[in-house]
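Read through the structure below, which is laid out as structure tokens, and then see the notes.
Chain naming here is simple, since letters A, B, ... match the order of the sequence lines and numbering starts at 1 in each.
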Amino acid sequence: MTVALLDCNSFYASCEKVFRPDLVERPVVVLSNNDGCIVAMSREAKNLGIPRGIPLFKARSFLKEKNIEVFSSNYVLYADLSRRVMDLLSSRVPVMEVYSIDEAFLILDHLPALPLPLCRELRDDIQRGIGIPSSVGVAPTKVLAKIAGGIAKKRSDGIFALGDVDAAGAGASPPAFGHEKDIDLVLGETPVEDVWGIASRLAKRLRERGIRTALDLRKVDDAWAKERITLTGLRIVWELRGIPSIVMEEVAPPKKGIMSSKSFGHPVTDLEDLLEAIGDYTARAAAKLRSQESACRLIDIWLTTNRFRESERQYSAGTVVSLAEPTDYLPDLVAAARRGLKSIYKDGYRYKKVAVFLSGIEGMKGLQGDLFRNPDPRKSALMAAVDSMAARYGPGALSCTAMRPSNDWQMRREMLSPLYTTRWDQLPQVRTG
DNA sequence: TCTGGGGTCCTAGGACCC
DNA sequence: TCTGGGGTCCTAGGACCC
């Protein structure tokens, strides 16, 4: 197998630069929801040594001092540019897995083009046509392609291959980057915690056993790995050996749980405000549920105060509401969510966050019982209308809850870029003369 | 004043059944 | 006094990913 991992560089920051040519070489950071933390940085910002995940209030003076451009997160823009990248890839490579908003695995076997020239072309086209820089790692398995991708990011040509990938492809061109010996060299220089699937906790345990690099990990005993790092870990070991063991998810499997949760812009004390927020979050989660043609049986609700404010009284609680039958019908879901919230709400606390989690998810088509035999056409029609309104006016357009004008639970987004690509009224302007 | 929001999979342990 | 063994389902929590 020859698999490529194409990864957009500093994706959110790169998206913000697409319509701002004045920012080309400038350091840019993108904030989390609620303008809380720094979650993405352009290369220039990374080079200044800003830690990822640092709260904005701690970084503020540094950002100002270094004249760094700061953006609130604009997920509508990122999702739209991501879709364009993925569409371009799937038009050239029939077998691929969209792994995250900014990454895709591509199967390069049995294509007319050789792997490396094709990757160069894809990378160039994404840059020229969409304006997003990317890098590509090529290898016999996903885990090795991830490692190759990490090296590609540091190279000026943005491409790195582990093994004889062109020979493995159509067989016509000389090997591009190396043979087995070179794979050993690269793995020997890859710290074990840089392997996909091995994070700090696991890495610490491995290091205690003398396993410090990807090369060490590749050599461990199968039975030992199965027992100590589970089958998930054993698959990583096999992949390091070049044996494909992690499946390609060509079509995204339906979600087994759908979450909607956001911190508030200000502390919230009033039950009515919390109910309004939970209605909004439930509407967002339910829209995702319907978009994958599923229904859910369980709704988890939880709420919490701000754990960082140690001087304040803390309270957090959650509850699960079971529905009589699986449903995707928003009024029923909202009613259940409100019931759950009322059962755990306590007066007198300053709340930071509420969350909705839909689970017990089943496909609508597979549903047994009254719902399937006797779907209520009025309910389906209402939900279709809700979904088309949301497509037009945004995900929070309808939530079965009367929204009051001064809802101060809404998140802060004080440095939001325009919706360049999805709203006519926010298209970039070209000045002439 | 200000600290993100999604997801997946795995294991352990309890309840319950035969 | 003696108090199995195996299976399933559920939940909580840990660990990992972006």
(message) I want to know whether A:Tyr351 and A:Tyr345 have ring centres closer than 6.0 Å.
(response) yes
(message) Need to verify one output field. Residue with the more 5' nearest nucleotide on DNA chain B, A:Lys256 or A:Arg412?
(response) A:Arg412
(message) Side chain of A:Arg309 only, heavy atoms from C-beta on: which candidate in B:dT3, B:dT1, B:dG5 is closest?
(response) B:dT1
(request) Return yes if a side-chain donor-acceptor contact under 3.5 Å exists between A:Ser417 and A:Asn74, otherwise no. (result) yes
(request) Whole angstrom is fine here: how far is it from CZ in A:Phe308 over to C1' in B:dG4? (result) 10 Å
(request) Return the value, rounded to whole Å, for the distance between atom CD1 of A:Ile258 and atom C1' of B:dG6. (result) 11 Å
(request) Using atom CD of A:Glu249 as one end and atom P of B:dT8 as the other, report the distance to the nearest whole Å. (result) 10 Å
(request) Verify the distance criterion only: is there a donor paired with an acceptor across the side chains of A:Asn9 and A:Ser135 at less than 3.5 Å? (result) yes
(request) Figure out the CG/P separation between A:Asn33 and B:dC2, and round it to whole Å. (result) 17 Å
(request) Answer with base, sugar-phosphate or nothing: what part of the nucleic acid does A:Gly53 contact at a heavy-atom distance below 4.0 Å? (result) nothing
(request) Just jot down the side chain to side chain donor-acceptor pair (under 3.5 Å) partners of A:Asn34, sequence neighbours excluded, or say none. (result) none
(request) Report, as a single string ordered 5' to 3', how protein heavy atoms within less than 4.0 Å touch nucleotides 11-18 of chain C: B base, S sugar-phosphate only, - not at all. (result) ----SSSS
(request) For A:Leu31, answer base if it contacts any base atom (sugar-phosphate contacts may also be present), sugar-phosphate if it contacts only those atoms, and nothing otherwise; contact means non-hydrogen atoms under 4.0 Å. (result) nothing
(message) Rounded to whole Å, how long is the line connecting atom CD1 of A:Ile361 with atom P of B:dT8?
(response) 8 Å
(message) Taking any heavy-atom pair under 4.0 Å as a contact, classify A:Ser73: base, sugar-phosphate, or nothing.
(response) nothing
(message) How many whole angstroms separate atom NZ of A:Lys353 from atom P of B:dC2?
(response) 15 Å
(message) Whether the A:Tyr349 and A:Gln314 side chains hold a donor-acceptor pair (N or O, under 3.5 Å, no angle test) is what I'd like checked.
(response) no
(message) Whole angstroms only, please: what is the CZ-C1' distance between A:Phe264 and B:dT3?
(response) 16 Å
(request) Provide the Watson-Crick or G-U wobble partner of C:dC18, both distances under 3.5 Å; none if there is no partner. (result) B:dG5
